Structure formats: structure tokens, C-alpha cells
Amino acid sequence: MIEIPREDWRKQPWKNGLGITFEILREPDVDAYDVRVSMADDTQPATFSTFPGYVRWSFLAGTAPIRLIQPNGTTAALVALGDSLRTAGETVLISELPAGATQLLNVIARAELVDAGKIVVGYGPSAHPVRYRFDLVEQIAHRYDEPTRAETAGCVWIA
């Protein structure tokens, strides 16, 4: 198990210029990655960047709720730590912050790998050996060289 210390997270402006993301993990570390994990500081309502060809999971990682609105009007209210929304990467999401700024942990994975079952993402106890986990309470990231059975309660994980 390798901890990914906060000082190694890559600070990046959002594509739309309305926020900051801290990239925690990118595998492989190229533009056409298979999986990417990042922490977004959501400080104002905004339209999220899209990622065609990918699947996006957004997990509430902050203390304030967030509402994510899709173009068809469907709204997901993420109110408790670990609440999540899974969407196609090309889905336009608009956020509302009813109680102020919060944080989202985002996992973005190549759609064909997700569809083939080669990348599985979840929250809480996992029956899968995991390659990555992020503890939402402690905000600590761990990567495993080989898939490993690990304690994942309170964690977002990738198998």
C-alpha cells in the first residue's frame, strides 16, 4: 500500500475556469488515461466539464450538500458523505450549492473498460480486491501495486 500524500496532488484549474481540481491519481499518467481521481473544490454554482468516452462518478466529500442537475432536469441531491452520482462523461452537469461551498471526489474512467468490467468503482465495503481507495473522512488516498483486499468502509474504491 502506497499513500498518495496531499502535497503530491496536482492542482489544476477547471477547463471552464470556475474552480480548482486536485488530481490525486491518473493511470496511466498520459492525456488519454484509463482512470483519473480528483478532488474538486466546489465554491460556486457552475457547469461541470465534460469527458466524452468516459464514465464519471461524483462522490460528496465535503460537509455541505450539492445538487447536480442534468440537461433533462433530473436532479441528484448529494447530502451525506459518500452520496454519489454516476453519469456518462459527456453528460452536462450543473451544480447548485444550497448551503455553500463543498467538495466532490470525482472518478473518471474509460467507458469501454467500465463496460467490460475491467474498472469497478464503489463506496463502502467491497467484495473486490482494490487497486485504490480514498478515505472520505480522513481524506487520505492509497494506491496498491496489486489488487488487494482492504478495509473500504467509508472509502471510495477502484477495483
Side-chain angles (χ1 to χ4, degrees), residues 2-111 113-114 119-124 126 130-143 152-158:
I2 300 164
E3 183 175 333
I4 304 170
R6 188 176 289 273
E7 57 268 13
D8 288 352
W9 299 4
R10 297 179 193 166
K11 185 176 180 179
Q12 301 173 336
W14 289 1
K15 290 180 194 176
N16 64 16
L18 297 176
I20 297 291
T21 290
F22 294 88
E23 186 178 85
I24 302 167
L25 175 77
R26 180 190 290 231
E27 290 183 351
D29 192 9
V30 296
D31 288 341
Y33 52 84
D34 293 337
V35 66
R36 176 180 180 252
V37 179
S38 63
M39 178 71 74
D41 288 334
D42 293 283
T43 59
Q44 61 183 317
T47 300
F48 288 11
S49 301
T50 59
F51 295 90
Y54 288 83
V55 176
R56 176 205 307 257
W57 291 262
S58 296
F59 295 88
L60 184 63
T63 56
I66 189 169
R67 284 192 296 265
L68 301 175
I69 305 161
Q70 297 180 46
N72 66 5
T74 302
T75 299
L78 310 184
V79 297
L81 201 63
D83 282 355
S84 65
L85 175 66
R86 175 185 166 166
T87 60
E90 46 277 340
T91 301
V92 175
L93 294 174
I94 300 171
S95 67
E96 291 180 345
L97 302 169
T102 197
Q103 291 181 306
L104 285 178
L105 184 79
N106 292 293
V107 178
I108 300 167
R110 188 174 299 284
L113 297 175
V114 173
I119 295 178
V120 180
V121 177
Y123 171 73
S126 170
V130 299
R131 297 182 293 126
Y132 171 86
R133 71 178 175 151
F134 186 91
D135 184 310
L136 288 176
V137 172
E138 300 294 327
Q139 294 205 344
I140 297 174
H142 291 102
R143 180 179 59 79
T152 56
C155 296
V156 172
W157 50 265
I158 301 171

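Count residues from 1 along the sequence. Quick caveat, the model's predicted, so the values are computed rather than measured.
- Closest approach of A141 and Y132 over heavy atoms only: CB-OH, 3.6 Å.
- Among residues two or more places apart in sequence or in another chain, the ring pair (Phe, Tyr, Trp, His ring centres under 6.0 Å) test is passed with F22 by none.
- For R67, the salt bridge (Lys or Arg N to Asp or Glu O under 4.0 Å) partners are E96, not counting sequence neighbours.
- When all heavy atoms are compared, the tightest approach of L97 to T43 is CD1-C, 3.6 Å.
- R36 pairs by the side-chain hydrogen bond (donor to acceptor under 3.5 Å, both in side chains) definition with Q12, E23, not counting sequence neighbours.
- Once rounded to the nearest 0.5 Å, the distance linking CD1 of I66 with CG of L93 reads 9.0 Å.
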Inset, instruction - Run the numbers on E27 and D34 for side chain to side chain contact (heavy atoms under 4.5 Å, CB included), then give the verdict. - result: CA-CA 6 Å; E27 290 183 351; D34 293 337; 5.7 Å; no

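- Remark: side-chain polar atoms of W9 are paired, donor with acceptor, to backbone N or O of I4 under 3.5 angstrom.
- In plain terms, the two heavy atoms of E90 and G53 that are nearest each other are OE1-N, 3.1 Å.
- In this structure, F51 and Y54 have perpendicular ring planes: the angle between them is above 60°, well past the 30° mark.
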Under 3.5 Å, which donor-acceptor pairs link side chains of residues 100-107 to any protein atom two or more places apart or in another chain?
from : atom 1 : to   : atom 2 : distance (Å)
T102 : OG1    : A64  : N      : 3.4
T102 : OG1    : A64  : O      : 2.6
Q103 : OE1    : Q139 : NE2    : 3.0
Q103 : NE2    : D41  : OD1    : 2.9
N106 : OD1    : S58  : OG     : 2.6

Legend entry - Trace of the side chain to side chain contact (heavy atoms under 4.5 Å, CB included) decision for L18 with Q44: CA-CA 8 Å; L18 297 176; Q44 61 183 317; 4.0 Å; yes

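- The shortest non-hydrogen separation linking L68 to S95 is CD2-CB, 4.0 Å.
- Summarising the geometry, atom OH belonging to Y123 is positioned 9.5 Å from atom CG belonging to L60; distances are rounded to the nearest 0.5 Å.
- Residue A109 comes nearest to W57 through the heavy atom pair CB-CZ3, 3.9 Å, listed as atom of the first residue, atom of the second, then distance.
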Inset, instruction - Report the C-alpha distance between I119 and R131 in whole Å, list the side-chain angles of each, state the deciding distance to 0.1 Å, and finish with yes or no for side chain to side chain contact (heavy atoms under 4.5 Å, CB included). - result: CA-CA 10 Å; I119 295 178; R131 297 182 293 126; 3.9 Å; yes

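- Side-chain contact check for R56 versus T91: every heavy-atom pair is 4.5 Å or farther apart.
- In terms of modelled atom types and a separation under 3.5 Å, the side chain of T152 and the main chain of G124 share a donor-acceptor contact.
- By the side-chain contact (heavy atoms from CB on, under 4.5 Å) test, D31 pairs with R26, sequence neighbours left out.
- Distance alone, capped at 3.5 Å, places no donor-acceptor pair between the E3 side chain and the I140 backbone.
- Taking CG of D42 as the reference point, atom CH2 of W14 lies at 4.0 Å (rounded to 0.5 Å).
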Kindly list each side-chain donor-acceptor pair under 3.5 angstrom involving residues 81-89, sequence neighbours excluded, with atom names and distances?
from : atom 1 : to  : atom 2 : distance (Å)
D83  : OD2    : V79 : N      : 3.0
D83  : OD2    : A80 : N      : 2.9

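- For the pair F134 and I24, the tightest heavy-atom approach, listed with the atom from each and the gap, is CE1-CD1, 3.7 Å.
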